[in-house]
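Okay, structure first, notes after.
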Amino acid sequence: QPQAKSRMAFALLQRSLTALRGEARQRIAPIIYAMSAPAQSDQAAPPVAEAAVHVSKRIAKEERAPHDGQPETKRKKRRQAKPGRDRARKNQLQGSKVDEGFLNETLPYIDDGFRKIPPYFYTFNCYSKGRWLGRTIYDVFATEFQAESPAYYRNAIETGLITVDDKVVPLDHIVGNNQVIVNKVHRHEPPVTTQPLAILFETDNYLVVDKPSSIPVHPCGRYRHNTVQALLGHEQQRWGLYPCHRLDRLTSGLLIFSKNVETAKKMEVKIREHQVQKTYICRVEGRFPADLVECVEPIKIVDQRIGLCCVHPEGKPCRTRFELIRVDGDTSVVKCYPESGRMHQIRVHMQHVGFPISNDPVYNSTVFGPDKGKGFRGDPSETTRIAETLCARIRASGQQQLQADVGGEELAVRAAAESEASLAPTACDPTKAGKQAEPQEAKEHPRAAELPEAARTMYWPTCTECQVTREDPRPEAMRIYLHAYRYAGGDFDFETSMPWWSQADWQEQLAARGETY
């Protein structure tokens, strides 16, 4: 009978899989994925393909799991015996990465009102992920990484800037299990504001900072040195701090660091178990009604490439309470109390109820339709269209202004660790927006005397980004009107000042700054 044959085939494949390791496993994985393709469609599938579906899922699961030479059951028992062990390891990893070793790469300097990072050489590397198995190396880069064009990735693979297991591979190389993929770049970081990183509170265990908008919390995407965590080290010699939660790059306000792993773990548990009361301030479009008190719609990440989220029936449950502060003409100032910490929670909930944050470049956009996403519930065809449109804008701009402003306290440590192991490149191809510069000679870092000799040069002749001059971002493009105002829970209660744009005379202040919004 077909069912019996399917069970038999599945048993044989499963037994073979458990015995396979190394190169043999790499060879068979693409075959199993190819066999499973008919079973995942509406066509009738042979029993072996039906079995292969289960085996391919197991391959992906084992690919995600950290193999340490012990059976999966033992790994599970070990994790159960020491809850929080994996999270603690990520905390330790994040704390050790942003240390004095950064001083050997480059140093920030001030220019035209911005903190700038001179270009420097950097190597991204990671192990192949489960979802990449059976795909070509070119397809993985061209579809999963939006920082560059497919043409750039094609050239990088062919010239050896992107390698697999330290070898130059063809474009049609099939990604295998546990392969090390390396991407070498001349890294160019976007500038950030020169607004100071003010210390609000400091105890034996905590350091609380008033984060300016435009600066990411920790290394992620195109940012490594121009981050709060690294700048605290560069400017105030405070290395090895652990971020207890996370704020979007464009969000300002209260940011808590712990000085040791133990405190970071305790804070993480408090946030995860909703023992921390969080208060945010935002300015939204429209006259916000006083009787709109909460939104309880679930939120889902609908596109991992750019961190796009929306209200979705399959999303994670979350709740945001609202309290109207004041209506100023056609905008309103609102207090928000997020009771969970989903990615972009306040921004998405405000969009869903029809009052998006006034200057939100993503969720206050007609790309969601004429109502800018009011009542939007994640229709698959629409989310695909929206994501592709935003990706096209990112590529056209030559920057990641719209990309990866990923928030959510429960993702804080994971995002930090994954971003450092990612392969997101920073060198650009000449088709990007920007003015072509005249051929240049090597330039020295403004603080060359403080750097190792290998890090003193700012120019690399074969780097296409070095051939392009880009305008500095406008101040309006470096913020959204969302501010972390207060975090309180048990043994702490931290609060910062209200942002300038929440005041009644905010338009006069805008005019005094020479800004439009």
Side-chain angles (χ1 to χ4, degrees), residues 93 97-98 101-107 117-129 132 135-176 178-190 219-227 230 305 394-395 398-400 403-404 416-432 434 437 440 442-445 451-468 470:
L93 180 67
K97 282 187 173 178
V98 182
F102 271 46
L103 296 172
N104 295 325
E105 294 178 354
T106 189
L107 292 170
I117 302 294
Y120 57 96
F121 294 97
Y122 189 75
T123 300
F124 293 91
N125 63 83
C126 77
Y127 285 97
S128 55
K129 302 180 185 299
W132 298 350
R135 298 167 59 188
T136 67
I137 186 68
Y138 173 70
D139 177 59
V140 168
F141 274 89
T143 59
E144 297 222 5
F145 299 103
Q146 300 300 308
E148 304 299 340
S149 69
Y152 169 83
Y153 293 122
R154 176 184 293 272
N155 181 69
I157 294 169
E158 291 175 340
T159 58
L161 292 176
I162 295 175
T163 60
V164 179
D165 289 337
D166 292 327
K167 298 177 183 176
V168 178
V169 296
L171 295 171
D172 59 356
H173 170 81
I174 301 298
V175 177
N178 286 336
Q179 289 189 325
V180 178
I181 302 176
V182 172
N183 186 14
K184 299 177 182 178
V185 298
H186 193 225
R187 192 164 184 173
H188 294 247
E189 295 193 27
C220 57
R222 298 190 73 185
Y223 298 87
R224 178 170 170 84
H225 290 268
N226 257 345
T227 62
R305 297 171 299 170
I394 293 168
R395 287 192 292 266
Q399 301 182 23
Q400 288 178 303
Q403 185 177 14
E418 288 183 349
S419 65
E420 283 302 287
S422 77
L423 297 167
T426 54
C428 297
D429 65 84
T431 62
K432 289 286 185 70
Q440 307 175 57
K443 298 179 182 178
E444 268 204 341
H445 191 298
L451 287 168
E453 185 173 354
R456 294 178 182 178
T457 300
M458 295 173 54
Y459 179 75
W460 186 28
T462 59
C463 173
T464 54
E465 181 74 1
C466 286
Q467 310 303 320
V468 179
R470 301 192 185 280

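Nothing here was measured: the structure is a model prediction, and the numbers come from that model.
A donor-acceptor contact shorter than 3.5 Å links the side chain of Asp165 to the backbone of Val180. Judged by distance alone, the side chain of Asn226 and the main-chain N or O of Pro190 form a donor-acceptor pair under 3.5 Å. The closest donor-acceptor contact from the side chain of Ser128 to the backbone of Asn178 lies under 3.5 Å.
If you check the side chains of Arg135 and Thr143, you find a donor sitting under 3.5 Å from an acceptor. With 3.5 Å as the limit, one finds no donor-acceptor pair spanning the side chains of Trp132 and Gln179.
Between Tyr122 and Phe124, the ring planes are perpendicular. Angles over 60° get that label, and only those under 30° would be called parallel.
With Lys184 as the partner, the side-chain contact (heavy atoms from CB on, under 4.5 Å) test is satisfied by one option alone out of Asn125, Ile162, Thr123: Thr123. Partner of Tyr120 under the side-chain hydrogen bond (donor to acceptor under 3.5 Å, both in side chains) criterion, out of Glu105, Glu189, Arg224: Glu189 alone.
For the pair Asn183/Phe145, no side-chain contact is recorded, criterion being any heavy-atom separation below 4.5 Å from C-beta on. Between Arg222 and Arg187 there is no side-chain heavy-atom pair separated by less than 4.5 Å.
Between Thr136 and Leu171 the shortest heavy-atom distance is CB-O, 3.6 Å. Taking each heavy atom of Ala230 and His225 in turn, the nearest pair found is CB-O, 3.4 Å. Across all non-hydrogen atoms, the minimal contact from Tyr152 to Val185 is OH-CG1, 4.2 Å. Taking every heavy atom of both residues into account, Pro118 and Leu107 meet most closely at CD-O, 3.2 Å.
The distance from atom OG1 of Thr163 to atom NE2 of His173, rounded to the nearest 0.5 Å, is 10.0 Å.
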| query | What do the steps show when you test Ile181 against Ile137 for side-chain contact (heavy atoms from CB on, under 4.5 Å), and what is the final call? | reply | CA-CA 9 Å; Ile181 302 176; Ile137 186 68; 3.9 Å; yes
